[in-house]
Amino acid sequence: MPELPEVETLCRQLRPEIVGAEIVATRVIDSKLGGIRGLKGRTVKGVTRYGKALEMELEGGGSLVLHLRMTGRLLWHKGNGMLPWNNRKGMLPWHNGNGMLPHTRLVISFPHGKISLIDPRRFATATVHRKGNCISLGSDPFNGFDPSHLWTIAQQCTLPVKSFLMDQRRIAGIGNIYACEILYQARMDPWRRINGLSPDDWAAIGQAAQEILTRAIACRGTSVSDWRDLFGNAGEHQNYLLVYGREGTGCYRCGGRIERRKLSGRGTYYCPTCQNHEGG
DNA sequence: CCCTATGTTCCCAA
DNA sequence: CTTGGGAACATAGG
């Protein structure tokens with residue numbers, strides 16, 4: 001669920017809370033996450049985003065990389081970080097009997113608070129890296145987005161432009177919602193083959209991506225379903241969506257009917273009337 | 001029962 | 001080798 005703006009929101013909210021703080025305990029509730037070891041006693045040096053992945057860098061090398069996949073959330077609980085997990089004083093008003101929210105999969109404790117990973121569908125991953133990070137991703141729309149480079153690598157590729165935008169090895173951080181929004185903003189048909197795009201088309205995509213994603217970050221993400229920020233608050237960007245979820249309603253630009261079709265199995269919202277540009 | 005879901009990975013076919 | 005499609009993962013909601 002969380003795409004670039006949602007993960008960026010978590011990074012920005014986490015930094016003031018945990019940078020410089022020592023991890024005093026970790027607890028894995030869902031063994032599907034695998035072993036999370038060697039974090040106790042380590043101090044968080046920084047929090048960084050790579051596409052949709054969030055990395056907590058540790059002093060002395062190494063890091064913890066979290067990927068929230070479809071339904072993962074992080075929630076900060078202020079205080080009580082060193083209390084026993086089932087201590088009544090540490091319970092939240094909506095705990096499920098053991099002091100934790102339902103679907104809590106991992107807890108990372110600091111002296112002054114703790115982070116819960118909450119994930120109903122259990123697709124989220126957490127991995128400890130000994131040195132640096134092992135993330136292999138493309139550049140993201142804010143960092144190293146090079147229209148002429150994209151044009152070059154797109155020349156021998158016939159993918160629909162939406163599939164290309166969502167390929168994390170090419171461009172990191174864009175998922176289904178923002179791919180729909182960016183292509184609408186760029187007036188581009190999601191099914192358009194990328195080997196037909198000009199350098200100007202790529203520049204337009206890059207600009208649309210920065211506009212859409214910047215606004216979404218300022219809104220602390222899109223809460224169309226269950227996305228919440230680090231403090232449990234809904235984002236605001238669902239109030240500014242241009243096409244996603246608008247099937248059957250009128251296009252804000254031309255009044256045409258917004259359609260929804262599947263592209264590689266994903267619901268794709270678009271305006272057939274004004275997202276049909278060929279060339280620049 | 002059906003379908004849908006903000007993501008990634010694996011398998012398989014062309 | 002590439003690409004593209006579908007299923008799988010596991011769960012909730014309509």
Side-chain angles (χ1 to χ4, degrees), chain A residues 1-10 29-34 49-54 65-74 96 101-106 117-127 134-138 140-141 153-184 190-196 209 212-213 215-217 219-229 234-248 259-270:
Chain A
M1 98 193 246
E3 305 180 34
L4 184 153
E6 288 77 23
V7 180
E8 180 65 26
T9 296
L10 289 175
I29 293 94
D30 182 356
S31 59
K32 184 171 180 276
L33 284 173
R49 178 187 58 74
Y50 296 92
K52 304 172 191 173
L54 185 151
V65 175
L66 300 175
H67 199 299
L68 300 173
R69 302 280 186 117
M70 288 287 268
T71 55
R73 292 171 46 191
L74 297 182
N96 66 0
L101 282 171
H103 310 306
T104 299
R105 311 299 179 192
L106 171 70
L117 168 63
I118 297 161
D119 182 24
R121 286 176 69 174
R122 302 170 67 203
F123 292 161
T125 58
T127 49
C134 309
I135 305 173
S136 170
L137 291 166
D140 82 30
I153 62 178
Q155 283 309 100
Q156 58 274 346
C157 178
T158 60
L159 280 174
V161 63
K162 178 167 180 260
S163 302
F164 186 90
L165 285 185
M166 291 174 64
D167 184 339
Q168 303 301 301
R169 295 164 304 181
R170 265 86 172 234
I171 302 171
I174 299 173
N176 197 39
I177 290 180
Y178 294 110
C180 292
E181 295 292 298
I182 289 164
L183 291 172
Y184 176 88
W191 279 267
R192 187 146 167 222
R193 304 283 162 172
I194 58 169
N195 56 354
I212 296 288
L213 298 173
R215 181 164 56 201
I217 292 168
C219 290
R220 289 173 300 101
T222 304
S223 294
V224 294
S225 177
D226 48 10
W227 157 253
R228 296 293 183 277
D229 70 11
E236 299 291 338
H237 189 253
Q238 65 278 11
N239 301 317
Y240 301 90
L241 290 173
L242 303 171
V243 278
Y244 186 85
R246 298 198 64 241
E247 180 185 18
E259 299 290 343
R260 176 181 172 278
R261 278 176 54 202
K262 289 233 172 186
L263 196 172
S264 302
R266 314 302 301 275
T268 300
Y269 297 86
Y270 67 109

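All figures in this text were calculated on a predicted structure; none of them were measured in a lab. Order of the sequence lines fixes the chain letters, A, B, ..., with proteins taken first and strands second; residue numbering starts at 1 for each chain.
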A.B. asks: For nucleotides dC1(B) and dA8(C), find the distance between their P atoms and express it as a whole number of Å.
C.D. replies: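 Those two atoms are separated by 15 Å.
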
A.B. asks: Can you tell me how far P in dA10(C) sits from the matching atom in dC11(B), rounded to whole Å?
C.D. replies: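 One P to the other, the span is 16 Å.
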
A.B. asks: What is the distance, to the nearest angstrom, from the NZ atom on Lys52(A) to the P atom on dT6(B)?
C.D. replies: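 Going from Lys52(A) (NZ) to dT6(B) (P), I get 10 Å.
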
A.B. asks: Taking the six-membered ring for Trp, is the centroid-to-centroid distance between His237(A) and Tyr178(A) below 6.0 Å?
C.D. replies: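 His237(A) vs Tyr178(A): aromatic centres under 6.0 Å.
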
A.B. asks: Can you tell me how far C1' of dT6(B) sits from CH2 of Trp227(A), to the nearest Å?
C.D. replies: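 Nearest whole value for this atom pair: 11 Å.
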
A.B. asks: Please classify the nucleic acid contact of Tyr244(A) as base, sugar-phosphate, or nothing, using heavy-atom distances under 4.0 Å.
C.D. replies: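 Sugar-phosphate, no base atom in range.
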
A.B. asks: Indicate, with a heavy-atom threshold strictly under 4.0 Å, whether Gly72(A) touches base, sugar-phosphate, or nothing.
C.D. replies: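 No contact at all - Gly72(A) keeps every heavy atom at 4.0 Å or more from the nucleic acid.
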
A.B. asks: Within the sub-3.5 Å range, which N or O atoms of nucleotides 2-4 of chain B have a protein N or O partner, and how far apart are they?
C.D. replies:
{"residue": "dT4(B)", "atom": "O3'", "partner": "Arg260(A)", "partner atom": "NH2", "Å": "3.2"}

A.B. asks: Enter the distance from Arg73(A):CZ to Thr104(A):OG1 here, rounded to the nearest 0.5 Å.
C.D. replies: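 Arg73(A) atom CZ to Thr104(A) atom OG1 measures 9.0 Å (nearest 0.5 Å).
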
A.B. asks: Taking atom C1' of dT9(B) as reference, at what distance in whole Å does atom CZ of Arg266(A) sit?
C.D. replies: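 So the CZ-C1' distance, Arg266(A) to dT9(B), works out to 13 Å.
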
A.B. asks: Using a 3.5 Å distance criterion without hydrogens, assess whether the side chain of Thr9(A) forms a donor-acceptor pair with backbone atoms of Asp229(A).
C.D. replies: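 No; zero donor-acceptor contacts below 3.5 Å.
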
A.B. asks: For nucleotides 3-14 of chain C, just jot down a letter per nucleotide in 5' to 3' order: B, S or -, based on protein non-hydrogen atoms under 4.0 Å.
C.D. replies: SSS---BBBS--

A.B. asks: To the nearest angstrom, how far is Gln238(A) atom CD from dT6(B) atom C1'?
C.D. replies: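 These atoms are roughly 12 Å apart.
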
A.B. asks: Please check this pair: side chain of Asn176(A) against backbone of Gly267(A), looking for a donor-acceptor N/O pair closer than 3.5 Å.
C.D. replies: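 Yes; at least one donor-acceptor contact below 3.5 Å.
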
A.B. asks: Do Thr222(A) and Pro5(A) have side-chain heavy atoms sitting under 4.5 Å apart?
C.D. replies: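 No, their side chains stay 4.5 Å or more apart.
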
A.B. asks: Could you measure between the two P atoms, the one in dC1(C) and the one in dT8(B), and give it in whole Å?
C.D. replies: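 dC1(C) and dT8(B) have their P atoms separated by 23 Å.
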
A.B. asks: With no hydrogens and no angle check, is any side-chain donor or acceptor of Ser223(A) less than 3.5 Å from a backbone partner on Gly221(A)?
C.D. replies: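 Absent.
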
A.B. asks: Which whole-number value in Å describes the distance from Asn176(A) CG to dG7(B) C1'?
C.D. replies: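 My rounded result for the distance is 10 Å.
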
A.B. asks: How many angstroms lie between atom OG1 of Thr125(A) and atom CG of Leu33(A), to the nearest 0.5 angstrom?
C.D. replies: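 Here the rounded value is 8.0 Å.
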
A.B. asks: So what is the 5' to 3' dot-bracket string for DNA chain B, if pairs are Watson-Crick or G-U wobble with both distances under 3.5 Å, crossing pairs use [ ] and | means the partner sits on another strand?
C.D. replies: .||||.||||||||

A.B. asks: Would you measure the distance from the P atom in dT6(B) across to the matching atom in dT3(C) and give it in whole Å?
C.D. replies: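 Pairwise P distance, dT6(B) against dT3(C), rounds to 24 Å.
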
A.B. asks: Can you measure Arg228(A) atom CZ to dT6(B) atom C1' for me and round it to whole angstrom units?
C.D. replies: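 Those two atoms, CZ and C1', are 13 Å apart.
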
A.B. asks: Distance check, rounded to the nearest 0.5 Å: Glu8(A) atom CD versus Leu213(A) atom CG?
C.D. replies: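 Glu8(A) atom CD to Leu213(A) atom CG measures 10.0 Å (nearest 0.5 Å).
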
A.B. asks: Step by step, would you call Leu117(A) with Ile29(A) a side chain to side chain contact (heavy atoms under 4.5 Å, CB included)?
C.D. replies: CA-CA 10 Å; Leu117(A) 168 63; Ile29(A) 293 94; over 6 Å; no

A.B. asks: Between Arg169(A) (CZ) and dC1(C) (C1'), how many Å, whole number?
C.D. replies: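 Computing the Arg169(A):CZ to dC1(C):C1' distance gives 13 Å.
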
A.B. asks: Find out whether Gln238(A) and Tyr244(A) are in side-chain contact, i.e. whether some heavy atom of one side chain is under 4.5 Å from a heavy atom of the other.
C.D. replies: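 No, too far: nothing below the 4.5 Å cut-off.
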
A.B. asks: Within less than 4.0 Å of OP1 or OP2 of dG7(B), is there a side-chain N or O belonging to Gln168(A)?
C.D. replies: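 No, Gln168(A) has no side-chain N/O under 4.0 Å of OP1/OP2 on dG7(B).
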
A.B. asks: Tell me, do Trp191(A) and Lys162(A) make a side-chain contact under 4.5 Å, heavy atoms counted?
C.D. replies: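 Counting from C-beta outward, Trp191(A) and Lys162(A) never come under 4.5 Å.
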
A.B. asks: Rounded off to whole Å, could you give me the CG-to-P distance for the Asp226(A) and dA5(B) pair?
C.D. replies: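 Between P of dA5(B) and CG of Asp226(A): 14 Å.
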
A.B. asks: Do Arg105(A) and Asp119(A) meet the salt-bridge criterion of a basic N to acidic O distance under 4.0 Å?
C.D. replies: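 So Asp119(A) does not pair with Arg105(A) through a salt bridge.
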
